[in-house]
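Notes follow once the structure below has been shown.
Note that the coordinates shown come from a computational prediction; the quantities given were computed from them, not determined experimentally. Indexing begins at 1, ligand by ligand and atom by atom, following the structure's order.
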Amino acid sequence: MVEHFAVRGGARLSGSVDVVGAKNSVLKLMAAALLAEGRTTLENCPEILDVPLMADVLRSLGCTVTIEGPTVHIDVPADPGAEADYRSVSKLRASVCVLGPLVARCRRAVVPLPGGDAIGSRPLDMHQNGLRKLGATTDIVHGSVTASAGDLHGAQIWLDFPSVGATENILMAAVLAEGTTVIDNAAREPEIVDLCVMLQQMGAKLEGVGSSTLSVHGVTGLQPTTHRVIGDRIVGATWAFATAMTRGEVTVRGVDPHHIDLVLDKLRSAGAEITVGEHEFTIVQAERPQAVDFVTLPYPGFATDLQPMAIALSAVADGTSMITENVFEARFRFVDEMVRLGADARTDGHHAVVRGRPELSSAPVWASDIRAGAGLVLAGLCARGSTEVWDVAHIDRGYPRFVENLSALGADIARVAGEPER
Ligand code: UD1
């Protein structure tokens with residue numbers, strides 16, 4: 001069924017909102033379950049489509065997966081299959097994270113490549129080079145990435161760039177390799193720390209967790225575990241941006257504010273008052289936000305996944321902002337949709353210059369990916385009239401109960417079924 005979100009701008013968000021487990025964590029944790037025979041249970045999982053899609057990928061490898069609301073049980077057989085089913089994998093880019101666990105467990109993996117992406121090219125060269133250093137041979141054959149290894153041995157691996165996916169795949173292969181692997185220039189996103197914590201509970205021996213030098217002392221086997229997924233910092237930060245843009249007052253619960261220190265600091269510069277607790281924060285924005293500059297970088301830099309929210313905030317801020325995108329080259333494509341909403345925004349290569357306006361004006365717009373979609377809805381909250389955001393399936397993949405949460409905070413938003421007039 002085709003659906004859109006109808007957003008009428010002008011409401012000031014207020015109240016509180018609960019954030020559940022991180023999409024970018026749960027999918028990797030589900031893959032990590034493959035590393036141990038038996039039942040692994042994940043709690044605080046977000047109820048988004050990507051979780052059942054990942055469950056299908058694991059089922060295609062012989063696992064039994066039961067989803068009971070926010071709890072996911074994964075029963076892994078003694079000998080999981082090594083070839084992921086094309087139909088399951090093609091729907092979910094993140095499913096490439098089964099590569100490392102399969103190489104570790106089966107010493108062989110065939111994982112179809114998910115294909116192009118709206119935010120830019122997503123090659124696997126660093127994933128493959130890391131696996132080669134561990135002793136695997138790997139190639140891309142008939143649209144699938146293949147890997148096989150007789151023995152896996154520890155190695156020193158320097159990543160060209162702190163890639164989240166490459167760090168995860170190499171880490172999950174190295175935990176069952178013989179000897180010590182050191183991943184230098186490793187990504188250190190909170191979701192990687194979450195994965196490390198779960199692997200340690202399973203019996204993995206790791207050092208340097210949360211740093212850019214991650215050491216993995218291989219073990220001969222791991223045990224299944226029960227683990228609670230960390231709160232989604234990108235969702236939590238999205239609520240913070242929405243509050244700042246609508247001059248609201250919102251308490252966001254279920255996310256560690258330290259995971260978004262830099263984001264909250266930027267919003268303070270924009271005029272927000274923010275108080276933080278252990279797993280929550282409250283943001284109050286009294287005046288129109290001031291323009292601030294944003295530069296996306298690997299963690300602890302400003303997350304590329306929040307760049308659309310930065311553009312949306314800048315579009316209604318007082319002053320001119322420069323936004324620099326350093327992670328995904330095509331991530332500014334959605335800016336044309338922001339321009340339809342009246343944003344005064346211009347992009348040139350890695351940079352966008354946005355001159356803030358007091359108000360935007362509604363239009364039909366199309367979400368090209370999860371975060372672009374959320375950014376467009378945020379812009380719609382500050383637009384005169386009723387904005388239609390189409391292709392909301394993207395937003396549903398990353399934001400559980402998005403419309404319900406925004407409505408509860410006072411936004412005028414509804415999910416509407418029916419074809420676009422375009
Ligand atoms: C993950 C997140 C995504 C987030 C991104 C960066 C998941 C499911 N997705 O994606 O939401 O935007 O981290 O924080 O967790 N690259 C290469 N070769 C490689 C691997 C990556 O050139 O082998 C490049 C990519 O093209 C990109 C950059 O490295 O320009 C960062 O990619 P990476 O950190 O790997 O992102 P993902 O793990 O795909």
Side-chain angles (χ1 to χ4, degrees), residues 21-32 45-46 48-51 53-54 57 89 91-100 111 113-133 138 140 145 147 157-173 183 185-195 212 229-230 232-235 237-238 259-260 262-263 295-310 324-332 334 350 368-375 394-395 397-399:
K23 172 184 93 72
N24 286 354
S25 220
V26 69
L27 303 174
K28 324 307 172 59
L29 303 178
M30 289 175 78
C45 299
I48 50 173
L49 184 62
D50 280 12
V51 170
L53 289 178
M54 190 64 181
V57 173
V89 169
K91 294 185 200 142
L92 184 64
R93 162 159 297 279
S95 55
V96 80
C97 64
V98 297
L99 183 62
V111 183
L113 289 171
D117 200 289
I119 64 175
S121 110
R122 295 174 98 168
L124 294 176
D125 53 318
M126 284 188 260
H127 302 236
Q128 291 184 289
N129 286 340
L131 295 179
R132 284 187 190 113
K133 285 262 172 77
T138 167
I140 292 182
V145 52
I157 296 167
W158 289 272
L159 294 180
D160 292 341
F161 182 91
S163 152
V164 172
T167 303
E168 290 164 341
N169 260 330
I170 296 166
L171 164 65
M172 289 192 275
I183 310 173
N185 200 21
R188 47 198 168 126
E189 269 67 3
E191 293 76 23
I192 299 216
V193 174
D194 200 25
L195 173 62
S212 54
V229 183
I230 55 162
D232 197 316
R233 66 192 162 103
I234 304 297
V235 173
T238 301
H259 291 167
I260 49 171
L262 194 152
V263 175
V295 178
T296 73
L297 278 173
Y299 191 82
F302 185 83
T304 174
D305 285 356
L306 291 171
Q307 182 252 93
M309 319 325 151
T324 305
E325 172 59 58
N326 288 314
V327 182
F328 287 109
E329 82 274 6
R331 205 153 203 173
F332 279 141
F334 85 102
H350 286 277
S368 47
D369 73 90
I370 305 173
R371 311 302 171 190
H394 288 298
I395 304 176
R397 283 189 42 221
Y399 291 88

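With contacts defined as side-chain heavy-atom distances shorter than 4.5 Å, the pair Arg371/Leu306 does not qualify. Within the 4.5 Å cutoff, side-chain heavy atoms of Met172 are placed close to those of Leu195. No side-chain heavy atom of Glu189 sits less than 4.5 Å from a side-chain heavy atom of Thr167. Residues Pro300 and Leu262 form no side-chain contact, since every pair of their non-hydrogen atoms from C-beta on lies 4.5 Å or further apart.
Considering both main-chain and side-chain atoms, Val164 comes within under 3.5 Å of ligand 1 through a nitrogen or oxygen pair. In terms of N/O distances under 3.5 Å, ligand 1 is approached by Val327. Considering backbone and side-chain atoms alike, Lys23 places every N or O at 3.5 Å or more from each N or O of ligand 1. The distance criterion of under 3.5 Å between nitrogen or oxygen atoms is met by Pro123 with respect to ligand 1. Note: an N/O pair closer than 3.5 Å links Gly165 and ligand 1 by distance alone.
The nearest protein atom to atom 24 (C) of ligand 1, hydrogens excluded, is given as Met126 CE, 4.4 Å; this is a heavy-atom distance. Closest to atom 36 (O) of ligand 1 among all protein heavy atoms lies Phe328 CZ, 3.7 Å. Nearest non-hydrogen protein atom to atom 6 (C) of ligand 1 is Thr304 CG2, 3.8 Å. Of the protein's non-hydrogen atoms, Phe161 CE2, 3.7 Å is the one closest to atom 28 (C) of ligand 1. Regarding atom 26 (O) of ligand 1, its nearest protein heavy-atom neighbour is Ser121 O, 2.9 Å. If you check which protein heavy atom lies closest to atom 2 (C) of ligand 1, you get Asn24 ND2, 3.4 Å. Closest to atom 18 (N) of ligand 1, if we only count protein heavy atoms, is Asp125 OD1, 2.6 Å.
Looking at Ser163, Ala303, Ala22 and measuring to atom 35 (O) of ligand 1, the nearest heavy atom belongs to Ser163.
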Problem set entry | Test log, rule side chain to side chain contact (heavy atoms under 4.5 Å, CB included), inputs His127 and Leu159 | CA-CA 9 Å; His127 302 236; Leu159 294 180; over 6 Å; no

Exercise. Where do Ile234 and Tyr399 land on the side chain to side chain contact (heavy atoms under 4.5 Å, CB included) test, with the steps shown first?
Worked result: CA-CA 9 Å; Ile234 304 297; Tyr399 291 88; 4.2 Å; yes

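Shown in contact with Arg122 at under 4.0 Å from a heavy atom are these atoms of ligand 1, numbered in order with element: 3 (C), 9 (N), 10 (O), 26 (O), 37 (P), 39 (O). Each of the atoms 23 (O) of ligand 1 lies under 4.0 Å from some heavy atom of Leu124.
Of the possible donor and acceptor atoms, one in the side chain of Ser95 sits under 3.5 Å from a partner among the backbone N and O of Leu92. Under a 3.5 Å cut-off, the side chain of Asn169 and the backbone N or O of Val96 do form a donor-acceptor pair. For Asp194 (side chain) and Val229 (main-chain N/O), no donor-acceptor pair under 3.5 Å exists by modelled atom type.
Here Ala94 has side-chain heavy atoms under 4.0 Å from ligand 1, and that is the only part of it that gets that close. Neither the backbone nor the side chain of Leu27 comes within contact range of ligand 1; no heavy atom lies under 4.0 Å. The residue Arg371 has no part lying near ligand 1, judged by heavy-atom distances below 4.0 Å. Only the side chain of Asp305 comes within 4.0 Å of ligand 1, counting heavy atoms alone; its backbone N, CA, C and O stay farther away. Counting heavy atoms closer than 4.0 Å to ligand 1, residue Lys28 contributes side-chain atoms (C-beta onward) but none from N, CA, C or O.
With respect to Val164, the side-chain contact (heavy atoms from CB on, under 4.5 Å) criterion is satisfied by exactly one of Glu191, Lys28, Arg188: Lys28. Only one option out of His350, Arg331, Gln307 pairs with Glu325 in a side chain to side chain donor-acceptor pair (under 3.5 Å); it is Gln307.
For Arg331, the heavy-atom gap to ligand 1 drops under 4.0 angstrom.
Distance check: Ile48 CD1 to Arg397 CZ gives 8.0 Å after rounding to the nearest 0.5 Å.
The two atoms that bring Ile157 and Gly130 nearest to each other are CD1-O, 3.6 Å, heavy atoms only.
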